*Asks:* 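Provided herewith is a single structure, encoded as structure tokens, for subsequent inquiry.
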Amino acid sequence: LMTLEKSLLDQTLNGISKVLIDLLSLVNPLSFNRASRIRIYADHIVDQLNLESAWSIRLAAKLSQLGCIQLPGEIIKKVYTADELSEEESDLFENQPLQRQQFLGHIPKLENVALIIGKQFINFSDYPVRAQSTESINEVELGGQILKIANGITKFESQKLNNEEIIQKLRVLSHEYNPKLVEKIT
């Protein structure tokens, strides 16, 4: 009976996440494409870390751009083409993960996914000292830092930087991106 309940819960969570991802792809294809790239980079970092149970980080990467559904198209286009945003536009874009965190946090078993999404724009230097070690960090903080790097990579790609330039930029911005995690992607 417990196995059956766990299987049903897994199927329900997979179904909910698929619906949300499909909704994003229909309503905002640009954000869906960005989320797909973020997922690829996050998956690579997770694989390099040999994390045994990282489904919440992987799912957070897939759903990381869900909040963009409510943003005006011109803001999305500016973000994805690396055009400069006004202060108001930047605030709208950077606050959308917090709104999705609240939305997803109401779905049982997706609480950590929601928290990870909410941390995706937090700079590495803003984490407590204990969260700056990949060995003693909790899943939510690690997931937020991984998404921060994956978002950074997609941002720098949109600026037409090549792979070497992207890695160099991530290294230089060590106050924003966890240097130990950046080294995992090189």
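All values below were derived from every heavy atom in this structure, side-chain atoms included, with hydrogens, water molecules and symmetry-related copies excluded. From a predicted model like this one, the values you see are computed outputs, not experimental measurements.
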*Asks:* Main chain of Asp126, side chain of Asn123: is a donor-acceptor contact present, judged purely on distance under 3.5 Å?
*Replies:*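 The answer is no, because no donor-acceptor pair under 3.5 Å joins these two groups.
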*Asks:* Please enumerate all residues that pass side chain to side chain contact (heavy atoms under 4.5 Å, CB included) together with Leu161, with sequence neighbours excluded.
*Replies:*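 Per chain and number, Leu161 pairs via side chain to side chain contact (heavy atoms under 4.5 Å, CB included) with Phe156, Gln159, Glu165, Ile166, Lys169.
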*Asks:* By side-chain hydrogen bond (donor to acceptor under 3.5 Å, both in side chains), which residues pair with Tyr177, not counting sequence neighbours?
*Replies:*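 Tyr177: no side-chain hydrogen bond (donor to acceptor under 3.5 Å, both in side chains) contacts found.
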*Asks:* Could you work out, with salt bridge (charged side-chain N to carboxylate O under 4.0 Å, His left out) as the rule, every residue matching Glu176, not counting sequence neighbours?
*Replies:*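 Partners of Glu176 by the salt bridge (charged side-chain N to carboxylate O under 4.0 Å, His left out) criterion, ordered by chain and then number, come out as Lys148.
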*Asks:* Crowded around Asn163 CG? As in, over 12 foreign heavy atoms under 6.0 Å?
*Replies:*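 No, the 6.0 Å shell around CG holds no more than 12 heavy atoms from other groups.
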*Asks:* Rounded to the nearest 0.5 Å, how far does OG of Ser64 lie from CD1 of Ile38?
*Replies:*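 It is 4.0 Å, given to the nearest 0.5 Å.
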*Asks:* Quick one, Ser31 with Ile76, criterion side-chain contact (heavy atoms from CB on, under 4.5 Å). Give me CA distance, side-chain angles, the key distance, then yes/no.
*Replies:* CA-CA 7 Å; Ser31 295; Ile76 300 298; 3.8 Å; yes
*Asks:* Output every pair passing salt bridge (Lys or Arg N to Asp or Glu O under 4.0 Å) with a member in residues 62-84, not counting sequence neighbours, ordered by first then second residue.
*Replies:*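 Listed by first then second residue: Lys78-Glu89.
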*Asks:* For Leu63 and Val113, which heavy atoms make the closest approach, and how far apart are they?
*Replies:*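 Distance-wise, the nearest heavy atoms are CD1-CG1, 4.3 Å.
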*Asks:* When you measure from the side chain of Ser36 to the backbone N and O of Phe32, does any donor-acceptor pair fall under 3.5 Å?
*Replies:*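 Here the side-chain-to-backbone pair exists.
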*Asks:* Can you tell me how far apart CD1 (Ile45) and CD1 (Ile57) are? Round to the nearest 0.5 Å.
*Replies:*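 Going from CD1 on Ile45 over to CD1 on Ile57, the span is 10.0 Å.
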*Asks:* Hey, are Glu141 and Asn138 close enough side-chain-wise for a donor-acceptor pair under 3.5 Å?
*Replies:*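 Yes, a side-chain donor-acceptor pair sits under 3.5 Å.
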*Asks:* If a pair satisfies salt bridge (Lys or Arg N to Asp or Glu O under 4.0 Å) and one of its residues is in residues 11-34, list it, with sequence neighbours excluded.
*Replies:*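 Sorted pair list: Lys18-Asp22.
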*Asks:* Can you tell me how far apart CG (Asn33) and OG (Ser25) are? Round to the nearest 0.5 Å.
*Replies:*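 One gets 9.0 Å once the value is rounded to the nearest 0.5 Å.
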*Asks:* For Arg58, which residues count as a salt bridge (charged side-chain N to carboxylate O under 4.0 Å, His left out) partner, sequence neighbours excluded?
*Replies:*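 Only Asp43, Asp47 meet the salt bridge (charged side-chain N to carboxylate O under 4.0 Å, His left out) criterion with Arg58.
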*Asks:* Ignoring hydrogens, what is the shortest heavy-atom contact between Gln65 and Gln120? Give both atom names and the distance.
*Replies:*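 Heavy-atom minimum between the residues: NE2-OE1, 3.9 Å.
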*Asks:* So do Leu51 and Leu142 actually touch side chain to side chain, heavy atoms under 4.5 Å?
*Replies:*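 They are in contact (side-chain heavy atoms under 4.5 Å apart), so the answer is yes.
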*Asks:* Residues two or more places apart in sequence or in another chain: which of them pass side chain to side chain contact (heavy atoms under 4.5 Å, CB included) with Pro179?
*Replies:*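 Phe124, Ser174.
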*Asks:* What are the two closest heavy atoms between Ile117 and Leu147, and how far apart are they?
*Replies:*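 Minimum heavy-atom separation between Ile117 and Leu147: CA-CD1, 4.4 Å.
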*Asks:* Can you give me the closest heavy-atom contact between Trp55 and Lys109, atom names plus distance?
*Replies:*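 Taking every non-hydrogen atom into account, CH2-O, 3.2 Å.
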*Asks:* I want to check something: taking the side chain as every heavy atom from C-beta on, are Tyr41 and Ile149 in contact at a cut-off of under 4.5 Å?
*Replies:*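 Of all side-chain heavy-atom pairs linking Ile149 with Tyr41, none is under 4.5 Å.
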*Asks:* side-chain hydrogen bond (donor to acceptor under 3.5 Å, both in side chains) with Glu183: which residues, sequence neighbours excluded?
*Replies:*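 Counting only residues at least two positions away or on another chain, Glu183 forms a side-chain hydrogen bond (donor to acceptor under 3.5 Å, both in side chains) with Arg171.
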*Asks:* Is Ile146 close to Ile116 at the side-chain level, that is, under 4.5 Å between some pair of heavy atoms?
*Replies:*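 The answer is no, as the side chains (C-beta and beyond) never meet within the 4.5 Å cut-off.
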*Asks:* Considering non-hydrogen atoms only, spot the tightest contact between Ser56 and Glu139 and give its length.
*Replies:*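 Nearest pair, atom of Ser56 first, then Glu139: OG-OE2, 2.7 Å.
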*Asks:* Within this structure, what is the OG1-CZ distance for the pair Thr154 and Arg37, rounded to the nearest 0.5 Å?
*Replies:*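 Here the rounded value is 5.5 Å.
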*Asks:* With a 4.5 Å cut-off on side-chain heavy atoms, are Leu170 and Ile185 touching?
*Replies:*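 A side-chain contact exists here, since the closest heavy-atom pair is under 4.5 Å.
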*Asks:* So, using side chain to side chain contact (heavy atoms under 4.5 Å, CB included) as the criterion, who are the partners of Thr12 when residues are at least two apart?
*Replies:*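 For Thr12, the residues satisfying side chain to side chain contact (heavy atoms under 4.5 Å, CB included) (neighbours in sequence not counted) are Leu8, Ile16.
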*Asks:* Once you round to the nearest 0.5 Å, how far does CG of Leu30 lie from CG of Leu71?
*Replies:*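 Answer rounded to 0.5 Å: 12.0 Å.
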*Asks:* Could you tell me which residues satisfy side chain to side chain contact (heavy atoms under 4.5 Å, CB included) with Ser90, sequence neighbours excluded, listed by chain and number?
*Replies:*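 Ser90: side chain to side chain contact (heavy atoms under 4.5 Å, CB included) contacts with Leu85, Glu94.
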*Asks:* To the nearest 0.5 Å, tell me how far Leu104 CG sits from Leu20 CG.
*Replies:*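 It is 6.5 Å, given to the nearest 0.5 Å.
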